[in-house]
Undergrad: 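This is the structure I want to talk about, given as structure tokens.
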Amino acid sequence: MNEKDFLSLLQRHNKKHTGNLPDKALSHQFVDDIFGFLFVPQTGVNQKETDLEKGWYSLKSHLTTLIYDVVSDGAKAQALSDAFFTGLPDLYETLQKDASFFLANDPAALNKEEVLHAYPGFYAIAVYRISNALWKLGIRVLPRIFTEYAHSKTGIDIHPGATIGASFFIDHGTGVVIGETAIIGEKVKIYQGVTIGALNSAKVKKDQKRHPTVEDNVILYSGATILGGDTVIGKDSVIGGNAWITFSVPPSSLVYHKSEVVEKEHFSHQNSVNAILKKK
């Protein structure tokens with residue numbers, strides 16, 4: 001294919017794009033700005049209420065513009081932006097509970113300010129909650145851009161459609177995946193490499209619950225994989241590292257792999273292989 005034909009092909013494909021997309025760079029800027037506005041004040045003790053008011057209205061204008069790029073309706077964009085900011089105080093209160101839960105559960109955390117400024121898990125949760133609020137308002141592509149931005153910065157992939165209760169803790173976080181229809185209760189703790197995903201990702205399952213339910217006070221240790229829309233991890237359960245679960249477990253369960261220790265002098269690779277293959 002020569003250059004002229006290739007450019008013609010691109011033009012035809014570009015015309016087929018459906019829906020309106022917000023500017024990605026401006027979307028990322030909004031995420032950075034609202035996170036900074038809520039948790040990283042630039043002027044510290046010298047900050048005035050008028051500074052906050054200016055920041056508030058600047059953020060509202062920014063979000064309205066992004067939503068307009070999606071809905072192409074000025075009045076609707078303004079109404080959706082107003083609805084988001086009306087709910088922002090409650091969202092902020094929930095995020096403060098998340099930050100306190102981080103401090104209570106990580107002995108390495110010095111204070112809440114460190115959690116707000118330096119913890120990737122908290123950042124990913126904050127962007128998720130912002131995105132989820134927009135998702136609940138019926139906006140789709142913009143929240144996806146927000147959470148994928150957080151994914152790129154932290155390695156934590158939380159779909160904005162997931163339902164996650166207050167006091168949520170992700171430690172370290174790299175490789176965590178939480179799917180669209182997952183339901184997570186309150187005071188849940190998750191470590192790096194955990195997947196809360198779909199057992200069957202066929203497109204026909206799109207409108208069904210494809211991801212697990214994790215009830216209150218559950219701990220999911222690193223590498224645990226929980227799959228399936230019918231899978232429920234009962235409250236107060238502990239799921240050990242690298243566990244693979246595709247079935248429900250009752251409340252207060254402990255699921256883990258059992259390790260075996262043998263003397264090196266008596267260890268035989270062949271015996272281990274035979275045991276795996278159930279040979280005599």
Side-chain angles (χ1 to χ4, degrees), residues 27 31 34-35 84 87-88 90-95 97-99 101-102 119-203 205-235 237 239 245-246 248-249:
S27 300
V31 172
I34 193 170
F35 186 86
F84 171 83
L88 191 57
D90 289 339
L91 189 154
Y92 179 77
E93 184 178 350
T94 300
L95 285 169
K97 291 179 182 178
D98 294 328
F101 199 56
F102 270 72
Y119 273 55
F122 177 78
Y123 177 84
I125 291 168
V127 177
Y128 152 75
R129 294 205 187 281
I130 291 166
S131 304
N132 178 252
L134 292 169
W135 188 269
K136 289 177 179 177
L137 291 172
I139 305 167
R140 291 295 181 260
V141 65
L142 187 58
R144 289 287 284 156
I145 292 174
F146 287 173
T147 53
E148 283 305 317
Y149 180 54
H151 184 194
S152 71
K153 291 171 72 73
T154 65
I156 299 169
D157 182 2
I158 308 177
H159 194 287
T163 301
I164 301 176
S167 299
F168 185 44
F169 174 59
I170 300 177
D171 199 12
H172 306 295
T174 305
V176 165
V177 176
I178 300 173
E180 177 185 6
T181 62
I183 299 175
I184 298 175
E186 297 187 353
K187 296 184 178 180
V188 171
K189 293 182 278 188
I190 292 180
Y191 292 82
Q192 67 272 17
V194 166
T195 296
I196 302 175
L199 184 60
N200 185 338
S201 57
K203 196 69 175 180
K205 301 282 186 178
K206 180 181 182 300
D207 297 323
Q208 301 178 26
K209 188 177 184 301
R210 308 182 306 281
H211 306 92
T213 295
V214 178
E215 295 183 343
D216 297 347
N217 301 306
V218 167
I219 302 175
L220 304 177
Y221 280 108
S222 57
T225 299
I226 321 295
L227 304 177
D230 295 328
T231 301
V232 178
I233 305 300
K235 65 180 183 178
S237 292
I239 308 302
I245 298 179
T246 59
S248 295
V249 298

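All values below come from the heavy atoms of this structure, side chains included, with hydrogens, waters and symmetry mates left out. Please read these numbers as outputs of a predicted model, since none were measured by experiment.
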Undergrad: When rounded to the nearest 0.5 angstrom, what distance separates CD1 in I178 from CD1 in I164?
TA: 4.5 Å

Undergrad: Apply side-chain contact (heavy atoms from CB on, under 4.5 Å) to F84 and I34, showing your working.
TA: CA-CA 12 Å; F84 171 83; I34 193 170; 3.9 Å; yes

Undergrad: So among I233, T181, T246, I226, which one has a side-chain contact (heavy atoms from CB on, under 4.5 Å) with P212?
TA: I226

Undergrad: Rounded to the nearest 0.5 Å, how far does OG of S222 lie from CD1 of I190?
TA: 12.0 Å

Undergrad: By the definition side-chain contact (heavy atoms from CB on, under 4.5 Å), identify the one residue from I170, V127, I196 that meets it with I158.
TA: I170

Undergrad: Could you tell me whether the side chain of K209 and the main chain of H211 form a donor-acceptor pair under 3.5 Å?
TA: yes

Undergrad: Minimum heavy-atom separation for T154 and P120, please, with both atom names.
TA: CG2-O, 3.7 Å

Undergrad: Please enumerate all residues that pass side-chain hydrogen bond (donor to acceptor under 3.5 Å, both in side chains) together with E180, with sequence neighbours excluded.
TA: R210

Undergrad: How close do E148 and D157 get, heavy atom to heavy atom, and via which atoms?
TA: OE2-OD1, 3.7 Å

Undergrad: Pick from T231, D230, I183: which one makes a side-chain contact (heavy atoms from CB on, under 4.5 Å) with T213?
TA: I183

Undergrad: Could you list all the ring-ring contact (aromatic ring centres under 6.0 Å, His included) pairs where at least one residue sits in residues 215-235, not counting sequence neighbours?
TA: Y191-Y221

Undergrad: Which residue pairs pass the ring-ring contact (aromatic ring centres under 6.0 Å, His included) test when at least one of the two sits in residues 122-143, sequence neighbours left out?
TA: F35-Y123, F39-F122, W135-H159

Undergrad: Sorted by first residue and then second, give each side-chain hydrogen bond (donor to acceptor under 3.5 Å, both in side chains) pair with at least one member in residues 136-145; sequence neighbours left out.
TA: N132-K136

Undergrad: For P160 and T147, work out which heavy atoms get closest and say how close.
TA: CD-OG1, 3.4 Å

Undergrad: Supply the atom-to-atom distance T195 OG1 to L227 CG, rounded to the nearest 0.5 angstrom.
TA: 7.5 Å

Undergrad: Within this structure, what is the CD1-CG distance for the pair I184 and L220, rounded to the nearest 0.5 Å?
TA: 7.5 Å

Undergrad: If I compare all heavy atoms of E215 with all of G234, which pair ends up nearest, and what's the gap?
TA: OE1-CA, 3.4 Å

Undergrad: Which pair of heavy atoms, one from A224 and one from I239, lies closest together, and at what distance?
TA: CB-CG2, 4.0 Å

Undergrad: Contact between D171 and K189 at the side-chain level, heavy atoms closer than 4.5 Å - yes or no?
TA: no

Undergrad: Which heavy atom in G121 sits nearest to a heavy atom in I156, and how many Å separate them?
TA: CA-CD1, 3.8 Å

Undergrad: I need the I245 CD1 to L199 CG distance, nearest 0.5 Å.
TA: 12.5 Å

Undergrad: Can you tell me which residue pairs pass the ring-ring contact (aromatic ring centres under 6.0 Å, His included) test with a partner in residues 163-185, sequence neighbours excluded?
TA: F102-F169

Undergrad: Considering residues at least two apart in sequence or located in another chain, which fulfil the side-chain hydrogen bond (donor to acceptor under 3.5 Å, both in side chains) criterion with K187?
TA: none

Undergrad: Give, for atom OG of S131 and atom CD1 of I145, the distance between the pair rounded to the nearest 0.5 Å.
TA: 10.0 Å

Undergrad: Going by heavy atoms in the side chains, are L134 and F146 under 4.5 Å from each other?
TA: yes

